[in-house]
Amino acid sequence: MGFWNRLLGRERPSEWVGTPAHAAKQRLQVVLVQDRVNLPPEVMDAIRAELVAVISKYVEIEPEGVEFNLTKGEKFDKLTANIPVKRART
Amino acid sequence: MAGRVITITSGKGGVGKTTTTANLGTAIAMHGKKVAVLDADIGLRNLDVVMGLENRIVYDIVDVVEGRCRPRQALIKDKRLPELALLPAAQTRDKNAVSPEQMQQLCNYLKSEFDYVLVDSPAGIEQGFRNAIAGADDVIIVTTPEVSAVRDADRIIGLVEAYGLHLPRLILNRIKPHMVARGDMMSQEDVIDILAIDLLGIVPDDEAIITSTNRGEPAVYDKSSRAGLAYNNIARRILGEQVPLMDLEERPGLMVRLGNLFGGGSSNRSRSRRV
Ligand SMILES: Nc1ncnc2c1ncn2[C@@H]1O[C@H](COP(=O)(O)OP(=O)(O)O)[C@@H](O)[C@H]1O
Ligand SMILES: [Mg+2]
């Protein structure tokens, strides 16, 4: 299919990257991830705080370094948490 | 008669809902179907002037729902097509003058009299929008290939799904093929990729839309208009015909294409899914 798509002009040459159309599409993809899931900032903050609380029960973490985001995935959009760990609680 | 109610909506204003309603209504009626077009943009009546029927209005939609006249009395017959009728919006009232329940009743009545009922929705996501989709069997989303219009369209698609209606289909309006070819405007593939709904048709940006609107004669009458032809194709698709998409791409010359074929990289286009 790739061959025919390119022959028909359906697949973009690499120069497409960086064009206004490409920028528009990328910006839309980012903004729509947030629009679609529609998690208000308060809810994001609440989830983050509860996650940190649960994990802190078992391991000592570095609260300043916690990253918690909504990102675009292949099939579904993803909530990703990055939580720096200092040591396990004993 | 068990007709279908098709609501034409967008979220953003000025993307071509009224133009689309007038042209599709006219084109479907030209194919011999009985069509009613209903202007649900209460307070900002426009469909009447686009169709050139503004001088014939006696009653409007609010008169109907408030019982001052029968629906039949408010329906204005088109100048040329006896199968086509317009139910105008009220100009001096606001959107809250009609409730979704009243709208649904009205649509049910119109469905019993017409093959197709096309509802021209106001912009926005509030009461006017809820009224416009209250009686809908199908929804058509109109957007232009611009970031803000596509974003609003995505919002509307989510709302339509939340109402339990099946996925709307898309009309991409005001495409400028030379801008798409230069990479200055998103293509239909880009917009479909993002919105993840079926494409019902693409309509080029066309000055004939402006001249025909000035005259009050929808562009589908103008056989030389690309947009008119595009709307006619969409009407045939609505009627169940298989009509291939219009070829709007002003394709680069063969040598350029062959160059791309052997030298060009591919873009990373992962399909978006709604969550
Ligand atoms: N395909 C097109 N080419 C050129 N002008 C267009 C096209 N579609 C719509 N327009 C113009 O854009 C403006 C807004 O269209 P309209 O149908 O009133 O939008 P809406 O009902 O969504 O607010 C009008 O001036 C109309 O003539
Ligand atoms: Mg309008």
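Note that the structure is predicted; figures quoted are calculated from it, not measured. In what follows, chains are A, B, ... by sequence order, proteins preceding strands, each numbered from 1.
Within a 6.0 Å radius of CZ in Arg155(B), other residues, nucleotides and ligands contribute 12 heavy atoms or fewer. No more than 12 heavy atoms of other residues, nucleotides or ligands sit less than 6.0 Å from atom CD of Glu207(B). More than 12 heavy atoms of other shown residues, nucleotides or ligands fall within 6.0 angstrom of atom CZ in Arg182(B). The number of heavy-atom neighbours closer than 6.0 Å to CZ of Arg237(B), taken from other residues, nucleotides and ligands shown, is above 12.
With chain A as the partner, the residue from Pro145(B), Ser148(B), Gly183(B) showing the most heavy-atom pairs under 4.5 Å is Gly183(B). Here Pro20(A) is the residue among Ala23(A), Gly18(A), Ala24(A), Pro20(A) with the most heavy-atom pairs under 4.5 Å with chain B. Of the listed residues (Leu28(A), Val31(A), Asp35(A)), the greatest number of heavy-atom pairs within a distance under 4.5 Å of chain B belongs to Leu28(A).
How far CD1 of Ile194(B) is from CD of Gln26(A): 10.0 Å, rounded to the nearest 0.5 Å.
In summary, Asp154(B) and Arg36(A) engage in a salt bridge, as defined by a charged side-chain N under 4.0 Å from a carboxylate O.
Contacts classified as salt bridge (charged side-chain N to carboxylate O under 4.0 Å, His left out) and involving residues 6-17 of chain B (residues at least two apart or in different chains) are not found.
Judged as a side chain to side chain donor-acceptor pair (under 3.5 Å), and not counting sequence neighbours, Thr19(B) has no contacts.
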Check step by step if side chain to side chain contact (heavy atoms under 4.5 Å, CB included) holds for Lys25(A) and Asp193(B). CA-CA 9 Å; Lys25(A) 190 172 180 186; Asp193(B) 226 20; 2.8 Å; yes
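When heavy atoms are compared at a cutoff of 4.5 Å, Met186(B) approaches chain A by way of both its backbone and its side chain. Interface residue Arg151(B): backbone and side-chain heavy atoms are both found under 4.5 Å from chain A.
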